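Given the structure is predicted, the values throughout are model-derived calculations rather than measurements. Values below: all heavy atoms of this structure, side chains included; hydrogens, waters and symmetry mates excluded. A, B, ... follow the sequence lines: proteins, then strands. Residue 1 opens every chain.
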Amino acid sequence: MFTCNFPEGLRVLVFVENLQTLLSLEKHLQDFQYKVTRCQEGAGAMHLLRNHMNKFDIAIIEAQNSTVDIFRLISEIASEIDLPIIITSKDDSVQSVINWMKIGVCDYLIKPIRPEDLRFIFKHVVKKMQVGKRVESEEKATAEKSSSVGDSTIRNPNKRKRSMFIDGQVGEKDQDHVRDSTTKKRRVVWDNELKKKFLDAMEDLGPEAVPKKILERMNVVGMTRENVASHLQVTFLLLLTMASLN
DNA sequence: TGCAGAATAT
DNA sequence: GATATTCTGC
């Protein structure tokens, strides 16, 4: 079905409203050799899901959307499509996760999303294939209690947890030293777009403008609180300097 | 323990 | 000079 270098080329449909976020997600997915189809707008996503489902292996969909009720959309199509769906959301409440899992999504990623979160999404495709194969011979096994309630790599935004699936390539149990060649950890370059996002976030947060909040508001894939804090520090310094010049 | 903010390192 | 990392105190 797939090439020998699976999951290279896995076809991922990404439905995210914000273009910046969308492009950023795409880029990171491509770093992992995934093949991305972008979708920004509800009707298009709907159409793709309904009529071209077989063109994709998995979908990543943002929970919040200004024009479409994603929850309802997925509830409706879940039964008619056979595609693993990963939800992206800033809501880290247990209840939210449960709600989404109930309607059949296979994973739930809490924003902000780090590139690492995307690396192993193929596991859901593998799982689906395995389940599909097992289906016929299923009834022979008497109601084995499912050992886990889904395998989603739900991440507490504050904790650091890596997906353990198929980590076998290298036996290292240590830090991130074993990042694959395509995933160079690169320093953030604060181009005008990022700066604008940062400033915008700062502006409407006002006195609440603290790294964590700014990070959330910016909603940029791969950005960390430390990145923001660092930038905040210099920005603050700059503002101070300017203020003293008056 | 997590986080903000300052200090320091690369 | 820009950004990351470490330190400190809350």
Measure from CG on A/L194 to P on C/dT3 and round the result to the nearest Å.
10 Å
Rounded to the nearest Å, what distance is computed from the CZ atom of residue A/R187 to the P atom of nucleotide C/dT5?
9 Å
Nearest-angstrom distance from the residue atom CH2 of A/W190 to P of C/dG1:
20 Å
Is the backbone N or O of A/S66 less than 3.5 Å from a side-chain atom of A/E17, with the two atoms forming a donor-acceptor pair by type?
yes
Distance, rounded to the nearest Å, where A/L232 contributes CG and B/dA4 contributes P:
10 Å
I need the CZ-P distance between A/F198 and C/dT3, as an integer number of Å.
12 Å
With a 3.5 Å distance limit and no angle check, can you tell me whether A/D117 reaches the backbone of A/R114 through a side-chain donor-acceptor pair?
yes
Starting from P on B/dA7, measure out to CD on A/Q233 and report it in whole angstrom.
8 Å
A/K195 atom NZ is separated from C/dG1 atom C1', nearest whole Å, by 11 Å
Looking at A/N227, does any N or O in its side chain come under 4.0 Å of the phosphate oxygens OP1/OP2 on C/dT3?
no
Would you tell me if any nitrogen or oxygen in the side chain of A/R225 comes within less than 4.0 Å of OP1 or OP2 on B/dA4?
yes
Classify A/V234 by what it touches in the nucleic acid, base, sugar-phosphate, or nothing, heavy-atom distance under 4.0 Å.
base
Tell me whether A/K197 is salt-bridged to A/E193, with the criterion being a basic N under 4.0 Å from an acidic carboxylate O.
no
From CG of A/L237 across to C1' of B/dT8 the rounded distance in Å is 14 Å
Side chain of A/V189 - closest among C/dT3, C/dT5, B/dA4:
C/dT3
Suppose the criterion is salt bridge (Lys or Arg N to Asp or Glu O under 4.0 Å): which pairs have a residue in residues 18-29 of chain A, not counting sequence neighbours?
A/E26-A/R38, A/K27-A/D31
